[in-house]
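Every heavy atom of this structure was used, including side-chain atoms; hydrogens, water molecules and symmetry mates were not. Reminder, nothing fancy here: chain letters follow the sequence lines and each chain counts from 1.
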Amino acid sequence: MNPDLKILQGLNNKQLESVSLDVNTNALILAGAGSGKTRVLTHRIAYLIQEKNIPLESILAVTFTNKAAGEMRDRLSLILRRPIPNMWVGTFHGLAHRLLRLHHDKANLSAQFQILDSQDQFRIIKRLMKENQVDESKYPVKQIQWFINSQKDEGLRPQDIDPGYNFFIKKSVEIYTLYEAHCQRNDLIDFAELLLRSYELLKNNEDLLNHFKSRFSHILIDEFQDTNKIQYNWIKQLYSGSNHLFCVGDDDQSIYGWRGARVENIQKLETDFNPLKTIRLEQNYRSTGTILSASNQLISNNTDRLGKSLWTDSGDGEMIDVYEARDEINEAEYVTSKIKALVSADANYSDCAILYRSNAQSRAFEEVLIKHNLPYVIYGGLRFFERAEIKDAMCYLRLSHAKNDDVAFERIVNFPPRGIGNSTLQKIREYAQQNLTSLYIAAKEIQPDLSTRASNSIKSFVEQMESIDDAIKHLNLSEKVAKILTLSGLMNYYENDKSDKAGSKKDNLEELIAAAKNYLHEDEEIDEITGFISLATLESSVESNHNPQQNIQLMTIHSAKGLEFENVFLVGMEEDLFPTNRSKEESHLLSEERRLCYVGMTRARKKLTLTHAIKRFIHGQSIYAYPSRFLSEIPDQHLNWINENQHSLQSQFSNSPAKSIVPESTSQLAIGASVRHAKFGMGTITNFEGSGDSQRVQVNFQSAGSKWLILSYANLDFI
DNA sequence: TCACAAACCCTTTTT
DNA sequence: GGGTTTGTGA
């Protein structure tokens, strides 16, 4: 080890040890929040290349987000002082995609295969269910979609699943089978399929697998705690025993278990990649001692951790403020007033973040911030390429590029509206199915046989597409997009769209032209348009570089992961909201909520404020709630309870109209009691909770399954 | 076929 | 409460 090396400068002991580990080691770096994990990962790669002469092509680096992959690329080419266009750095999905494009024939796909995003996937499943007379009220499309995706995440095909006597699973597997056949017929790949298909590709092609096994001498993975089963197997498959693995992760920051991420994968490393060197990065460069100590205490309530304790040498800093609000408006008023004070004491708006458990909580903050005329930006919601107007435009591009793109055809054949309704579309679908052709060709061929009105509409649609093809033939990508926007009538449609008062949809369309202009086509394996279309699906957000960052930041805790702010307001610290009511029964869900709280707290550099409301409006109902258990898990010595003297609980309740908290019907509420519901029929009460207007019961209905109902709305007959 | 009203849902969401 | 989807009547 030579600490004089430039790459190793400025690293602490543990970081240094990690970066300069022997080339022939498998390693797990347990990197706590704010301990410099990205730094370690990029410097490790640079170290391998520059100091150990590992060729660029021999390195595979995997991240979860495009943002992380992009940052790693940028940092690497900066350290190495050269561009790294063909290096295998990317997301699991991005790399799987690359693999499939390179070897599409062996993966049983055409060169033009399309990627489905979750909206496209939803529509297809819904249509398949309708065509096969599956009752949507019994089998919600969302749940079927979730089922299919989680099976794929587990690496399971329909034939691998044993439904037993479970009707729901049985039906789900049937739909999975139909869906799989549909996708295969139409050359479609969803997100989960990218991973599963590329896994199978390697599994079934030994030569190919061996090639990559010996090619990638070093495999590096970021955020390892977020890997799911198929991702883990994907990595394991590429491991030959003579190549080397370098994983960075933090079991305490695993917050995507609900999407199939498995923390246990970190523990499994030890057996599957033996011998494994584990290094803990525990020195934190972000937060104050108080914030770290409070976070450490909170997370220590979780069992089954690998164990880690963050420390800092930068002093204790301020206490953590805890504010008890009357309701969500009062909560927002408090946070707003604090931000105002911070800003007048020289903070920037962008140094302040409001973090919440669920998106719905942003509303009250938005209202109050607008009232006080403070600048803010809300993250989350639909991302750029998921917006309806952008998808419309992309589908014109897709259909123009490939006439057999049925997903694109379905979306735009009658948008902007041109008189092609469901009945006409159904005829086109049937014709296409019988003649094994695409919808576009079917529409063209069937057109003379339709009613005059429908016939004319189809004719003008086909003519429109042909004129688009003609007009854009010799244009570059962004000119193509611009031309499509006008010729399709989309631009005109959104210009006159009265529901879009701010004109943001039109702005977004113009932004799309800019995105096309900025698109850098690097991959020589595919053409430019295919590359752009894939990017739009795989990378659904777009860099908004012209955003003057002088805004208060509002987002969910999930989306705050990986970020940091000077001042963090962690709001809505209430039982049933955070932790959510659904997590309370199962300890592994509760642990994940606690980790989420830990992630939220450790986002703060200097000042952390926690707030909770006594009463809150949720789904049109006033709900009373106790302070979150997480507040009581933080030692009191770190907490500064702002208003325990100002608003006592008594004064709150004496002000509000004396609402009976105990409903009259409580006596009938007993687990096991039989009830009848107007729609769901007969059922048995299996659980109940809450009080007053918000009291809810869980009923297991004989035909409709188990449901949570709000008692005051459900109109149950007790029998 | 379309436009509007009623009905429905409702944690988190890297790809 | 609010955003989206479904159903109905012109």
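No contact: A/Leu577 has no heavy atom under 4.0 Å from any strand. Base contact: A/Glu593 has a heavy atom under 4.0 Å from a base atom. Residue A/Thr537 is out of contact with every strand shown, counting any heavy-atom pair closer than 4.0 Å. A/Thr424 comes within contact range of the sugar-phosphate backbone alone, with a heavy-atom separation under 4.0 Å but no base atom that close. Looking at heavy-atom distances under 4.0 Å, A/Asp117 makes no contact with the nucleic acid at all.
Under the side-chain hydrogen bond (donor to acceptor under 3.5 Å, both in side chains) criterion, A/Arg75 pairs with no residue at all, not counting sequence neighbours.
For B/dT13, the OP1/OP2 oxygens have a side-chain nitrogen or oxygen of A/Thr556 closer than 4.0 Å. At B/dT13, none of the side-chain N or O atoms of A/Ser118 fall inside 4.0 Å of OP1 or OP2 (strictly under the cut-off). For B/dC10, neither phosphate oxygen OP1 nor OP2 lies less than 4.0 angstrom from any side-chain nitrogen or oxygen of A/Ser358. Dashed line: the shortest gap from a side-chain N or O of A/Asn359 to OP1 or OP2 of B/dT12 is under 4.0 Å. Phosphate proximity of B/dC2 to A/Asn414: present, with a side-chain N or O under 4.0 Å from OP1 or OP2.
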Contact string for nucleotides 1-10 of chain C, one letter per nucleotide 5' to 3', B = base within protein heavy-atom range under 4.0 Å, S = sugar-phosphate only, - = neither, reads BS---S----
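Between the P atoms of B/dT13 and C/dT4, the separation comes to 16 Å (whole Å).
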